[in-house]
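A short write-up of the structure that comes next.
So that the names make sense, note that chain A is the first sequence line, chain B the second, and so on, each numbered from 1.
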Amino acid sequence: MADSEEKKKRKRPERPEYEEDNGFAQFGGYMEAKISKLEQQFAESAKTSGIQKSNLFSGVSIFVNGHTNPSAEALKVIMMEHGGVFHQYERSHTTFIIASNLPDVKVRKMMPSKTIIRPEWVVDCVKEKKILDHKKYLYDFNHKVSQPKLLAFTGGAGKDTGFSEVRTAVNPNFLSEFYNNSRLHHISTLGLTLKDYVNELREKHSGDFPGREDLKDLKRDDSGASTKFIMHIDMDCFFVSVGLRSRAHLRGLPVAVTHSKGGRNPVSTTGQITEELLAWGDREVADENLKNILGTNPSKSLSLSEIASCSYEARAKGIKNGMFMGTALKLCPDLQTIPYDFDQYREVSYILYNSISKYTLDIEAVSCDEMFVDLTNLLRSTGVRCEDFVSHIRSEIRNATNCPCSVGIGGNRLLARLATRKAKPDGQYFFPADNVLKLMEDIHLKDLPGVGYSTFDKLKEKGLTTCGHLQKIPLVQLQKDFPGKSGENLYNLCRGEDNRPLNFTRQRKSVSTEVNYGIRFTRKTELETFLKQLCEETSKRLREVGLRGKSVTLKLMIRAQDAPVETAKFMGHGICDHITKSASLPGFTDDPEAIFRAVWRISEELSVDPAELRGIGVQVTKLSKQETPKSSSLVNLFNQMKSKPTVSLPEKKPMDAVEVKQPEDFEVDPEVLKALPPELREEIVKDYANWTKANKKSPLKTSPEASKPQSTARNSNISANNILSKKNWMKILTQWVNSSDSPKSCDVEHLSCNAVEFIRSRNICDLYSQLEYLRLIVDQKDSCFWHTSYKSLIQGIQVEMLNIYEIQLKITDLSCKRCK
DNA sequence: ATCCTCCCCTAC
DNA sequence: TAAGGTAGGGGAGGAT
């Protein structure tokens, strides 16, 4: 970030009339203009109103981010009273960012190199009547204050709100609140996102792998071996490693990622937990939890929050993923906990995948922090030795993410995976090609992929715990207990044989939405309302991936007969019976109502008691790709909107290439604005109107065309199909950017030509606004295809600017860290 | 035989 | 307090 800032400064020609503060910063666009205007107003009103009490904050400017106490408004007044500056928008010369209550991701994303302090600094300075050392007020990223919660969730509305309605699925905000906090949801959806990402990269790939250039210096492999090389990469305790990037002081300590801060669970009873744990998940972890809880004073209950990820130092004390926080604290009382940071996980995941995709796209994405890569082609065409490439890529990942990863290599996916186990933590290991059968003998059966705790228990009952044991069992005998393919797989895997190919692309077979937490209904209408939400969510997800389904399945978890009504785990599902039932949909559909009708019918048939329900899911299957008749091409959009009577455009004229046109006045499209995120909307709407009004009266003085009246400046030829010259450019750009995950190159080119026309006709102010707007909406896009296209567009524009004005536009960088 | 539905299991 | 999701493989057993 600081790097690109540097570059920009260096590139800008050093002409005094365009110095940052007296000119060029305000050269283009309403964005800059409105910001300066606000600040000026601020300073002036402080002086003229006579409220200024001191010059305490002279030379100090603050920008308040998020909710603070005192409020932004109050801080503004304080700054005003004491000669400081309050920035409505964060600016490059802002002295401090004030924040007390923000997710650190957001803070760091927005101001990577800024000093962020707590609002108390302002208050205390006034109290002490001097500028205090701000270092004592630095925003503490480690002590994360919880976000202000909705009243309904804190129970703050009053004790009589009825317990069950406060934080159960009855609350209309439950679903989003739950999904925001569910680690399993995030792990799952992030994994899907990255699988799609690999698909996308493969589809769009040009055939060039830029990373291979870097391998030139590595040793050649002259052995000429034609073996298959499967690489398995896995980040080490992913969530913890990501969390430690900003918490260097916790490195080397036992650390765990969890919701809990180690508090006590006030409701559970020992007996109940025992019962539930016997029917639950990872047996080893369950046993450990159980042992711990049985030895606990029943009056002192434990945190049942699960540990999502723990450091190797924590593992050394016996702590495991999935373990209750209470249990973990018993094993290690000084266990450090850090909160989830799902945005950061996503960011690091992309860096991981981008690192690999520079070299090859023979990738099977497994999850957000794990993948298989077939190195065979890469090694053959570069001639690089496998171990050299692995060392190279591991250090590259480490440098790019600041997180360790481990790599296993083998002749097939099984051996690669087993090798990774040996490699961990932070290492690499090659499963030898000879003697595989012998080497497999010591592998624990639980380590075979596909052997979970149920299969393992079955095997253990027969006295089988290692692959060596299993190798002695003939296939037919094995298939008595594990019929068909199940037995066959075991038979092959325990011998180190695995012929399952890597799947580089993947087509989805189902889309589902389920919640098995916080389900506590008393009335049927509550169930109905929630089920509708689930169907809407399912429909949304179908549409996101452009699929429709022909069949829907309702999945229910119902409290088991003898299970207690209140679960040991807060709002958990306890011991349940599982029911699923499917129905046909009217043709391929993604319509939420159609899905709901089908699912509601099933629910009626099953006639479940809403009060007994502990979990609900909606799954759509038999999928088919949705037709996309609408083209998202920019030019098409432009033409479509042109013919629509709702858009106020001048009479359509024949597309005369030589027609002389003037850009129409800009207008802010309310429809467009409605669709924008609130922060962005506010930013745009606030002063746009004022600015344009003010501007009509007096054109910008700092423009290179200042000597000419605005109308003259616009007097050059602008072709009729120049999108930027249209009144509804904002709408066109918005729809274009929203219409797809990657722009068509012809559209980018078209826009580039349009921009160049503007530059040539000396219409820089409008162009600047439009580029600023484009940046804002592209920045919101979670697609590096858009980001890079935007950047190449800007690059072309800057070239033209240099040609004509010998100067560049001041363009803010995109915030995306994945693409650089 | 083959397909469909309803389960169970597994992985992250 | 706590945030127990999501997709796929595969078997049993019935319908075709």
> Hey, where on DNA chain B does chain A first and last touch, going 5' to 3'? Cut-off is any atom under 4.0 Å from a heavy atom.
Replying inline: B/dT5 to B/dC12
>> Classify A/H185 by what it touches in the nucleic acid, base, sugar-phosphate, or nothing, heavy-atom distance under 4.0 Å.
In response: sugar-phosphate
> Which residues satisfy the side-chain hydrogen bond (donor to acceptor under 3.5 Å, both in side chains) test with A/S367, sequence neighbours excluded?
Replying inline: A/D369
> A/H573 stacking on C/dG4: centroids under 5.5 Å, ring planes under 30°?
Replying inline: yes
> When you measure from the side chain of A/E177, which nucleotide among C/dA3, C/dA2, C/dG4 comes out closest?
Replying inline: C/dA3
> Which part of the nucleic acid, if any, lies within reach of A/R614 when heavy atoms closer than 4.0 Å are counted: base, sugar-phosphate only, or nothing?
Replying inline: nothing
> Roughly, in whole Å, what's the span from CG in A/N180 to P in C/dG4?
Replying inline: 12 Å
> With sequence neighbours excluded, what pairs up with A/R421 under the salt bridge (charged side-chain N to carboxylate O under 4.0 Å, His left out) test?
Replying inline: A/D447
> A/H578: what forms a ring pair (Phe, Tyr, Trp, His ring centres under 6.0 Å) with it, not counting sequence neighbours?
Replying inline: none
> Which residues pass the ring pair (Phe, Tyr, Trp, His ring centres under 6.0 Å) test with A/F482, sequence neighbours left out?
Replying inline: none
>> Test of understanding: with salt bridge (charged side-chain N to carboxylate O under 4.0 Å, His left out), list the residues that count as partners of A/K555, not counting sequence neighbours.
In response: A/E514
> A/R597: what forms a salt bridge (charged side-chain N to carboxylate O under 4.0 Å, His left out) with it, not counting sequence neighbours?
Replying inline: none
> In the 5'-to-3' direction, what one-character label does each nucleotide of nucleotides 8-16 of chain C receive under the scheme B = base within less than 4.0 Å of a protein heavy atom, S = sugar-phosphate only, - = no such atom?
Replying inline: SSSSS----
> What pairs with A/E604 under salt bridge (charged side-chain N to carboxylate O under 4.0 Å, His left out), at least two apart in sequence or on another chain?
Replying inline: A/K524
